[in-house]
Amino acid sequence: MNQNKIRVRFAPSPTGPLHIGGVRTALYNYLFARNSGGKFILRIEDTDQTRFVPGAEEYIIESFKWCGIEFDEGVHIGGPFEPYRQSERKDIYKAYAEQLIASGNAYYAFDTPEELDALRLQYEAEKKTFVYNHEARKFLKNALVLSDAETKKLIESGAAYVIRFKNPEDEIIRMEDLIRGEVVVNTQVLDDKILFKSDGMPTYHLANVVDDHLMEISHVIRGEEWLPSMPLHILLYKAFGWEAPKFAHLPLLLKPDGKGKLSKRDGDRMGFPVFPLQWQDPKSGETSHGYREDGYFPDAFVNMLALLGWNPGDEREIFSLEELAKAFTIERVGKSGSRFDPEKAKWFNHQYLVKKEDAELAQLYIPFLIEKGISADLDYVTQVVKLVKERAHFVYEFWEQSDFFFRAPEVFDEQAVKKRWKQDSYDQIAELKELLSGIENFSSENTEEIVKKWLEEKGYGMGAVLNAFRLIIVGGLRGPHMFDIISLIGQEETLRRLEIGLHELGKKE
RNA sequence: GGUCGGUUCGUCUAGUCCGGUCAGGACGCCAGGUUUUCAUCCUGGUAACACGGGUUCAAAUCCCGUACCGACUACCA
């Protein structure tokens, strides 16, 4: 193995949509690779044929594309270590399993799943736990107990078998985790995990070790749920006589309330996405929300995710992907699980929304307008966006903040009428209409100056008049600066709305 | 049950390795200010070292124990 080359991989199983915890794991791998000038690889771990879900692999690839996370090698782009899909590498694992048998590190076992299940039940009844370990393997149906001739005969007769790892009986394993430091385990407590299944496929444990070695992976950065199997993996590298990669086990993403790791259910329950993209389950037809479809910007999403378990050590919070790559180090990844906070996710999106160009946001807004049956030119929409973007977390919220730029109010908010349409209002607004109709330069600044002067001369209350004015133009007590609004919709439209408003609201007695 | 991991404001976290500033920032929340409304924005406030021992002049920081939480414990990954 070339020791100087940093190579990391993300190795999902195509069993469904990618959970944001998985996205974060991939992100940290990506950032680590970019930070160190290394390579980032996408490998598909589809050794469980029974759990294959159509479309999952495509979903995973599309998710990263959306996030802006790019791979250097992988199932979708190829590379020097092809193939990158384990089902297509099927043939290579058997030989490695047999190599382990030859070296005395593994053995054939013929126990059927039913037999083992029965054993587990039996143990449970006695309040014990059945473990296929160095004790149990001495009295079960395997090559350690059977003679070589019997074993050979069984295999030749076509009996189903698995290959299990033969754990050392009593050995202290000291392991180094980049995030957690030293982890020590006695092999006594380990069980003889299956490496090779009776269906001819390797298990994760064998396949990931073989592939990581063959693909010259230098660092294995994965979720904390893999920490308990790190000893097995270390032992496997040792048994093969290979140098093990460095390991880093990332803390879990926890649910926003209560206990435990974040799950799909939490998203449904609390109304926030758990997946990067929308996903429709091919079997149940059930649809799950995605960040993309819910209006999040990919850069905001990635930024938010990166800060969940990692921090730069200073007080910066807004990072582009490039900035993240520059700042990221594995040392600054925390040890403890992070509770996901949907509120902060929204805040991040707002930050990115405000930072974006008005024209860019207008482009994104136009489809929403079209859906409302409104056609407006980009220039006008850009002006509108400029006025309302600070008030929104998402582009889809623009409509509720700016509908009145595109159409006259159809109804007047009842509460607002009650509060702001007083006895004097009709006459004052009628006067205001007169005033506005005479203005030649209808710019925001100019109308504001003229109206304020008029208010002062007349001794009218600014709040009273302008709120009544707003009520008529907007339909409610909301929206940006009044003079910005009328300047944008124009003099003609302003006067038209005043006419309608006066007629609708009438004179209050 | 067993093994491993974790524990600083409600949440994300800095500080812990190399003991010593009112334990800092952000989100949220609350209050005030700005404003013609709402939002933004500005200012301020709220609020934490899981617990118990020990070592020390001094512990969030080092040691031990306890509690709690989590992950894992499949011919799944």
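In this text, all values refer to a predicted model and were calculated from it rather than measured experimentally. Letters A, B, ... mirror the listed sequences (proteins, then strands); counts begin at 1.
A sub-4.0 Å separation between OP1 or OP2 of B:G5 and a side-chain N or O of A:S336 is absent. For B:U40, the OP1/OP2 oxygens have no side-chain nitrogen or oxygen of A:K386 closer than 4.0 Å. Contact annotation: A:N311 side-chain N/O to B:A14 OP1/OP2 distance is under 4.0 Å. Under 4.0 angstrom from either OP1 or OP2 of B:U13 there lies at least one side-chain N or O belonging to A:S338. Listed pair A:K255 / B:C69 fails the phosphate criterion, with no side-chain N or O lying under 4.0 Å from OP1 or OP2.
Across all strands shown, B:A23 remains unpaired; no Watson-Crick or G-U wobble contact has both distances below 3.5 Å. The partner of B:A67 is B:U7, by the rule that a Watson-Crick or G-U pair needs both atom distances under 3.5 Å. Base pairing of B:G1 is made with B:U73, judged by Watson-Crick or G-U wobble geometry with both donor-acceptor distances under 3.5 Å. With a 3.5 Å ceiling on both atom-pair distances, the Watson-Crick or G-U wobble partner of B:A31 is B:U43. In this structure, B:U61 makes no Watson-Crick or G-U wobble pair, since no nucleotide meets both defining distances under 3.5 angstrom. In this structure, B:U16 makes no Watson-Crick or G-U wobble pair, since no nucleotide meets both defining distances under 3.5 angstrom.
The residue A:M482 sits close to a base: some heavy atom pair falls under 4.0 Å. Among the protein residues, A:T47 comes within range of the sugar-phosphate backbone only, with heavy atoms under 4.0 Å from sugar or phosphate atoms but none that close to a base. Contacts of A:P231 with the nucleic acid, taken as non-hydrogen atoms under 4.0 Å apart, are absent. Residue contacts for A:D111: at a heavy-atom cut-off of 4.0 Å it reaches a base atom on one of the strands shown. Among the protein residues, A:G309 comes within range of the sugar-phosphate backbone only, with heavy atoms under 4.0 Å from sugar or phosphate atoms but none that close to a base. Contact annotation for A:V185: backbone-only contact, meaning every heavy-atom pair under 4.0 Å involves sugar-phosphate atoms and none involves a base. Among the protein residues, A:R164 comes within range of the sugar-phosphate backbone only, with heavy atoms under 4.0 Å from sugar or phosphate atoms but none that close to a base.
Nucleotides B:C64 and B:A48 have their C1' atoms positioned 24 Å apart, rounded to a whole Å. Remark: the separation of the C1' atoms in B:G20 and B:A58 is 6 Å, to the nearest Å. The P atoms of B:A60 and B:A50 are separated by 10 Å, rounded to the nearest whole Å. With P as the reference atom, B:G28 and B:G15 are 24 Å apart, rounded to whole Å. Comparing the same atom, C1', in B:A26 and in B:G5 gives a spacing of 27 Å after rounding to whole Å. Nucleotides B:C63 and B:U16 place their P atoms 15 Å apart, quoted to the nearest Å. If you take atom C1' in B:C27 and the same atom in B:U46, they sit 14 Å apart, rounded to whole Å. The separation of B:C9 from B:U3, taken at their C1' atoms, amounts to 33 Å, rounded to a whole angstrom.
Distances were taken from every side-chain heavy atom of A:D341 (C-beta onward) to each of B:A77, B:G10, B:U36; the shortest belongs to B:G10. When distances are taken from the side chain of A:V183 to each of B:U36, B:G5, B:U37, the shortest belongs to B:G5. Nearest to the side-chain atoms of A:R120 among the listed nucleotides B:C76, B:C75, B:G5 stands B:C75. Comparing B:A77, B:C12, B:U36 against the side chain of A:K344 picks out B:C12 as the nearest. Across B:A77, B:A71, B:C75, the shortest atom-to-atom separation from the side chain of A:L252 is found for B:A71. Taking only side-chain atoms of A:F483, from C-beta outward, the nucleotide of B:U36, B:U37, B:C76 with the closest atom is B:U36. Counting only heavy atoms from C-beta on, A:E225 has its side chain closest to B:C72 among B:G25, B:C75, B:C72. Side-chain proximity of A:E343 to the nucleotides B:U36, B:G5, B:G28 is greatest for B:G28. When the nucleotides B:G24, B:U36, B:C12 are ranked by their closest atom to the side chain of A:L308, B:C12 comes out on top. Among the nucleotides B:A14, B:C75, B:G5, the one closest to the side chain of A:R332 is B:A14.
Across every non-hydrogen atom of A:N303 and A:F319, the tightest pair is OD1-N, 2.7 Å.
With salt bridges taken as basic N to acidic carboxylate O contacts below 4.0 Å, none links A:E225 and A:K261. A salt bridge links A:D211 with A:R89: the distance from a Lys NZ or Arg NE/NH1/NH2 to an Asp or Glu carboxylate oxygen falls below 4.0 Å.
For A:F328 and A:Y28, the gap between ring centers is short of 6.0 Å. In this structure, the ring of A:F64 has its center less than 6.0 angstrom from the ring center of A:F10. Ring pair A:Y296/A:F394: centre-to-centre distance below 6.0 Å. For A:F412 and A:W421, the gap between ring centers reaches or exceeds 6.0 Å.
A donor and an acceptor atom never sit less than 3.5 Å apart when one is taken from the side chain of A:R339 and the other from the base of B:C12. At a cut-off of 3.5 angstrom, the base of B:U37 holds at least one donor-acceptor pair with the side chain of A:R470.
A side-chain hydrogen bond (donor to acceptor under 3.5 Å, both in side chains) with A:N167 holds for exactly one of A:N105, A:D192, A:N133, A:T187; it is A:D192.
Going from atom NZ of A:K335 over to atom C1' of B:U13 covers 15 Å, rounded to whole Å. Rounded to whole angstrom, the span from the CZ atom of A:F340 across to the P atom of B:C27 amounts to 17 Å. Here B:U73 presents its C1' atom at 6 Å from NZ of A:K193, a figure rounded to the nearest Å. B:U40 atom P lies 15 Å from atom CZ of A:F398, rounded to whole Å. Counting to the nearest Å, the C1' atom of B:U73 and the NZ atom of A:K128 are 17 Å from each other. For the pair A:K346 NZ and B:U40 P, the computed distance is 13 Å after rounding to whole Å. When rounded to the nearest whole Å, the span between CZ of A:F165 and P of B:A74 equals 17 Å. Between A:I194 atom CD1 and B:U73 atom P there is a gap of 13 Å when expressed in whole angstrom units.
Between A:P228 and A:V189, it is A:V189 whose nearest contact on RNA chain B lies nearer the 5' terminus. Heavy-atom distances to RNA chain B give each of A:R180 and A:H481 a nearest nucleotide, and the one nearer the 5′ end belongs to A:R180.
Ring geometry, A:H393 versus A:H350: the interplanar angle falls from 30° to 60°, so the pair is classed tilted.
Both cation-pi conditions hold for A:K128 and A:Y123: the charged atom is under 6.0 angstrom from the six-membered ring centre and inside a 45 degree cone around its axis.
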